[in-house]
Every structure is written in C-alpha cells, then in structure tokens.
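First up is the structure itself, then whatever we jot down about it.
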Amino acid sequence: MCGIAGIIAHQNVNHDLYDALTVLQHRGQDAAGIVTCEDGRFYLRKENGLARDVFSTDQMLRLRGNMGIAHVRYPTAGCTSSAEAQPFYVNSPFGITLAHNGNLTNTEQLKQELYIEDQRHINTGSDSEILLNVFAHELQQLGKLRITPDDVFAAVTQVYKRCRGAYAVVAMISGFGILAFRDPNGIRPLVFGSRSSEQGDDVMVASENVALDVLDFEMIRDVEPGEAIFIENSGKIHTKTCADKTDHCPCIFEYVYFARPDSIIDDISVYKARLRMGDRLADKILKEWPDHDIDVVIPIPDTSRTAALQMAHGLGVKFREGFMKNRYIGRTFIMPGQQKRKKSVKQKLNAISLEFEGKNVLLVDDSIVRGTTSEQIIQMARDAGAKNVYLASAAPPVRYPNVYGIDMPAAVELIAHNRSEEDIRMAIGADKLFYQDLDDLVDAVRKGNPSIEHFDTSCFSSEYITGDIDEEYLKRIEALRCDDAQQQRNAENFIIEMQNSA
C-alpha cells in the first residue's frame, strides 16, 4: 500500500507536499519521495524512511517550484531497496515523473514488451517504473513537440489497454502539468480538490481526502474508475473517462484497515463503516452466544478502536483501553521476517493490568492476517491477569493473498489458509474466536454508498475482480513474498547499497 499526492499552486509546493505525506504516512512507512518542477527542471529527493527523516531543511529548500508530486511507500513485493523509492523519472518524452499506489498484475508481460517492442530499459523490480515507461512510450508515439490535454488522455487510453491490476497514479510532465488517473475498477482510492488563492485556484490530488483537508483544499470529488484528470500549469482542470470498460470495485480492506477513519472514500465514511462493522459483529455474537459472560471490550490499537467501541455498546458491556501503544513501531504484518514481527509486537504494545485482572475480556482487532500478533497479544492479556480471553475480528478470515497492492504474505503464511475457525482459535490460544461474516462486512461498507454494487474482497473470497489471476500467478507471487525470499532480497540489497556507498 502506498500514498500519493500532487499539487499545482501559485507558490512553492514543497511544504504542502511534505505535510500531505505526513498525513498519508499510515499508507507507507518504508520510503518517501517528493519531486518538484521549476522552469522545466525537476528537483527530486527520495529515500528509505519516514517522511520526517527523509527530508531535512536543506533538502526541502532545494525542492523548488509551484508544482510537484509525492509518495510514501511500503514494498508490495517485500523489497526494501532505496532504489525502488518513488517517484520515478524518465527524460523522454518531455521529462516525466510518476508515483503509483497499487500493483500491476501483468508486469512480466509488460516488461518484455517494453524491452523488445518499445526498446525501453527497466532498472528496478518496481511495477511503478514499468507503468511510467508504458505511459511515456504511448505519449511519445504521438510524435508531438507540444501536447494538449487530449493528447495526454489518448496516451492514458493506451495505458488502460496495456496495464492490468490496481493503480492510482499521479504523474508530472515538465512544462505541461500534472496527470492523475485511476484503474478501471477503482480498486485504489484517489480524490482531487481545489483551494482559492489571490493568484487563482490551486489544485491537488491525493490518495485520501484527509490530505486535502489539512491543507485547506476543498474536495471536488473522487476520481472515477477509468478516469484521468489533467491539470495544466495554470491550474485549469480537464477530465475524461479513458477506459473502454469500467466496473467500480473498491478494495474493501481500505475500510477495514488501511484508510484513516476520518477519510471518505467513494462517498463512504470510513469511520461510519467501521461503526457498522462493530454493530454487525455484536449482533453475531449475541445471536451465537446470547448469555455471554464478557466483562469488558478492549481494542487492539489503533484501527479496531471504532468497531470495538460500537461492539461494546451493542453487547451492553464496558469499553476500556487495555493496551498502550508505542507509536514509533511500524505495522507488524507488513514487516518481513517472523522473528522481527515477534520482537516488534513486544515493543509496540504494553498491557494495563488493572483492566485485565480477573475479567473475561473480549479483544477486538480489525483483522487477523498471519496470527503472530494475535497469539502474542492474547498471551499478554493472560499474563496481565485475564480470566478468559476472547478475540473478535472486524473482518472475515484472510485466507488468500492480495494481488492489488497490499503486501499480504504468501497463502501458506496466512493463519486462516486451509484452516477452520476452530483450528485458528486453537492456534492463537483464544478461549473463543469470532469473525465478521463477509456479507455483513460488505453490507456495513456499502450502506454508505448503495450505488457501489460490489467490492474487491479477494483476500477473503479468492474472487479476483480483474479476471486474470490463476494458480500459476499465485504461486509466482508466493515465491516472491515468503519470508525466506524477502530476507534473501533484503540481504542482497544491503550488500549492493553498502558497495555503492563505499
């Protein structure tokens, strides 16, 4: 998962882009990058780390210009090389830089086409670099020295014909403006808005509307599936649906886990969707266990807090904060390596014993992925004195890998893969385990916008909406995503970077 932003303004945009990245930091903590443009020249800074660590005052001052794009990243395929930090750049045609959230599912085919037919070199393993080169090639094929918005849209139309998968994209073309577009299924979120200034309107695109809010931009709307937005240097906005066929299927995991609760994605409040998830799950528990003995509901911070609060209300029991979180530790299921994940859970959470001693505790989490975290937290609750420890997940069992931009592990590393709920309960050591039903999850999210007929629920249902995912593809990404493969790549990248810095 990644976060993207782009701004065209009537003043320098470096500080606004930095502020946008800090708001979108939850979408990626592996690397950050900003590129700006002034008088046709790009100024780029990108590196591994949090935004606050990547950009010093001196580096910010070098990012000159009134238009720019920015990116925060965590690695879809588990690679932590700084070479894959975004945005990426190509010098022909015109000079284009691009950042992307999502994952292409036909990268091997595209990489071969780019090399053999388009004669373009790909320098990294990032599908974002592939997407950039596909767009650059299609724009170059027009053979024009000066381009119009219609020319840009013609190139995007060809991108849609060639690229499959999930992608929300922001790109900057030197001397012309900023482009943003969203895949034909609208799997990954993208919004745009404007802000009035004395010189005229500033325009911004971003992964989530909260990035617009903090910079006083007024949201215009979501970018539609298959739609491209082109913003000229002057701030004039052009829009066009460029995909031949669209089918709106936003990723439901955005609402479960990734998006900030104060975001609104495709006219659905993430906060209200999570409240409804809590309602549905409380109803399920009351139906299955009407004479429950739950004394207290405790969220596993932070994402589950909204659903847990509503569950406590529905169950008629106390809601308490039982864990204190160290906010300087990253999201654990993203971290490569089992030992690293186990260590990070201990560093991340500490139990408040007073809330556990002698009580039957219902812990609430947004989802259960590997189960590593759940097992340790349940044990922490027991060590703090809990009599019985129950666990509820606001999402259904995660049984299948996500191929659309979320770095979920290989299927064999998912605790729910080929296991019953009773098997999972025993594996993580809970006295009882409750999962959200998929129909209830979909209903809880869709209620915010009934016009969305279906969602991407592939990690729960194995139904991949792009229609191009087969067993061979899943085996290939399993080989890329398993812990051993990630550790090997990280070791190789470390050696290469040490050699380059010597």
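For K272, the NZ atom counts as loosely surrounded, since its 6.0 Å shell holds 12 or fewer non-hydrogen atoms of other residues, nucleotides or ligands. Applying the 6.0 Å contact sphere to OH of Y473 captures more than 12 heavy atoms from other residues, nucleotides or ligands. The environment of CD in Q109 is crowded: more than 12 heavy-atom neighbours from other residues, nucleotides or ligands sit within 6.0 Å.
Note that CD of E47 and CG of D30 are 10.0 Å apart. Values are rounded to the nearest 0.5 Å. For the atom pair F434 CZ and E421 CD, the distance stands at 10.0 Å (nearest 0.5 Å). If you take CG on L363 and CE on M380, they are separated by 10.0 Å, rounding to the nearest 0.5 Å. Distance CD1/I4 to CG/N101: 6.0 Å, rounded to 0.5 Å. Considering CZ of F258 and CG of D366, their distance stands at 9.5 Å, rounded to 0.5 Å. Rounded to the nearest 0.5 angstrom, L362 CG and L281 CG are separated by 8.0 Å.
A perpendicular orientation is assigned to the rings of H292 and W289, their planes being inclined by more than 60° (bins at 30° and 60°).
Judged as a side chain to side chain donor-acceptor pair (under 3.5 Å), and not counting sequence neighbours, Y167 has no contacts. Residues meeting the side-chain contact (heavy atoms from CB on, under 4.5 Å) test with K46, sequence neighbours left out: L44, A85, F88. Scanning for side chain to side chain donor-acceptor pair (under 3.5 Å) contacts around Q379 gives D383, with sequence neighbours left out. Shown here are the salt bridge (Lys or Arg N to Asp or Glu O under 4.0 Å) partners of K432, two or more places apart in sequence or in another chain: there are none. Listed by chain and residue number, T22, I34, A51, R52, F55, M60 satisfy the side-chain contact (heavy atoms from CB on, under 4.5 Å) test with Y18 (two or more places apart in sequence, or in another chain). Shown here are the side chain to side chain donor-acceptor pair (under 3.5 Å) partners of N209, two or more places apart in sequence or in another chain: D213. Looking at residues two or more places apart in sequence or on another chain, you find a side-chain contact (heavy atoms from CB on, under 4.5 Å) between D247 and N185, C249, H454. When the side-chain contact (heavy atoms from CB on, under 4.5 Å) test is applied to R425, the partners found at least two apart in sequence or on another chain are E422, A430, L433. Partners of E227 under the side chain to side chain donor-acceptor pair (under 3.5 Å) rule, at least two apart in sequence or in another chain, are R221. Checked against salt bridge (Lys or Arg N to Asp or Glu O under 4.0 Å), R446 has no partners two or more places apart in sequence or in another chain.
Contact of the F192 side chain with the V223 side chain is registered, since non-hydrogen atoms from C-beta on lie closer than 4.5 Å. When side chains are defined from C-beta on, V170 does not count as touching H71, because their heavy atoms never get closer than 4.5 Å. Contact check for P301 versus L349: side-chain heavy atoms found under the 4.5 Å cut-off. For the pair Y257 and I406, the minimum side-chain heavy-atom distance is 4.5 Å or more. Side-chain contact check for M408 versus F253: some heavy-atom pair is nearer than 4.5 Å. At least one side-chain heavy atom of H26 sits less than 4.5 Å from a side-chain heavy atom of R260. Within the 4.5 Å cutoff, side-chain heavy atoms of R274 are placed close to those of M277. Contact of the I477 side chain with the L474 side chain is registered, since non-hydrogen atoms from C-beta on lie closer than 4.5 Å.
A donor-acceptor pair is defined here as one N or O able to donate and one able to accept, closer than 3.5 Å; such a pair exists between the side chain of Y74 and the backbone of M1. At distances below 3.5 Å, not a single donor-acceptor pair connects side-chain atoms of Q86 with backbone N or O atoms of R73. Side-chain N or O atoms of T306 include none that pairs as donor or acceptor with a backbone N or O of Y271 at under 3.5 Å. Distance alone, capped at 3.5 Å, is enough to place a donor-acceptor pair between the D431 side chain and the V389 backbone. Here the side chain of Y404 pairs a donor or acceptor atom with the backbone of I465 at under 3.5 angstrom. Remark: the backbone N or O of D439 is not paired with any side-chain donor or acceptor of D437 at under 3.5 angstrom. One N or O on the side chain of E84 and one on the backbone of G125 form a donor-acceptor pair closer than 3.5 Å.
Among residue pairs with one or both ends in residues 410-432, none qualify as ring pair (Phe, Tyr, Trp, His ring centres under 6.0 Å); sequence neighbours excluded.
Taking every heavy atom of both residues into account, S461 and L438 meet most closely at CB-CD2, 4.0 Å. Listed here is the closest heavy atom pair of G28 and V72: O-CB, 3.6 Å. Nearest approach of I428 to G371, heavy atoms of both residues: CG2-O, 4.0 Å. When all heavy atoms are compared, the tightest approach of A395 to V256 is CB-CG1, 3.8 Å. Across all their heavy atoms, V296 and K359 have their closest contact at CG1-CD, 4.2 Å. Closest approach of V54 and G49 over heavy atoms only: CG2-O, 3.7 Å.
Salt bridge annotation for R27-E208: present, with a cationic side-chain nitrogen under 4.0 angstrom from a carboxylate oxygen. The pair R182-D266 meets the salt-bridge criterion, since a charged nitrogen lies less than 4.0 angstrom from a carboxylate oxygen. Looking at D443 and R280, a side-chain N of the basic residue comes within less than 4.0 Å of a carboxylate O on the acidic one, giving a salt bridge. Of the charged side-chain nitrogens involved, none lies within less than 4.0 Å of a carboxylate oxygen, so that D279 and K447 do not count as a salt-bridged pair.
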Test side chain to side chain contact (heavy atoms under 4.5 Å, CB included) applied to L414 and V369, step by step: CA-CA 6 Å; L414 296 168; V369 182; 3.7 Å; yes
Would L441 and F460 count as a side chain to side chain contact (heavy atoms under 4.5 Å, CB included) here? Give the steps. CA-CA 11 Å; L441 174 62; F460 309 123; 3.8 Å; yes
Where do I268 and I452 land on the side chain to side chain contact (heavy atoms under 4.5 Å, CB included) test, with the steps shown first? CA-CA 10 Å; I268 299 171; I452 299 178; 3.9 Å; yes
Show the numbers, then the answer: is there a side chain to side chain contact (heavy atoms under 4.5 Å, CB included) between D440 and D283? CA-CA 10 Å; D440 285 342; D283 290 344; over 6 Å; no
Scan the side chains in residues 313-324 for donor-acceptor partners under 3.5 Å anywhere in the protein, sequence neighbours excluded, and list what turns up.
unit_1	atom_1	unit_2	atom_2	d
E321	OE1	R305	NH2	3.4
E321	OE2	R305	NE	2.6

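Among the candidates D183, D468, D127, the single residue satisfying the salt bridge (Lys or Arg N to Asp or Glu O under 4.0 Å) test with R164 is D468. When each of C2, C251, S207 is paired with R188, the side-chain contact (heavy atoms from CB on, under 4.5 Å) condition holds for C251 and for no other.
Side-chain atoms of E129 and S126 include no donor-acceptor pair closer than 3.5 Å.
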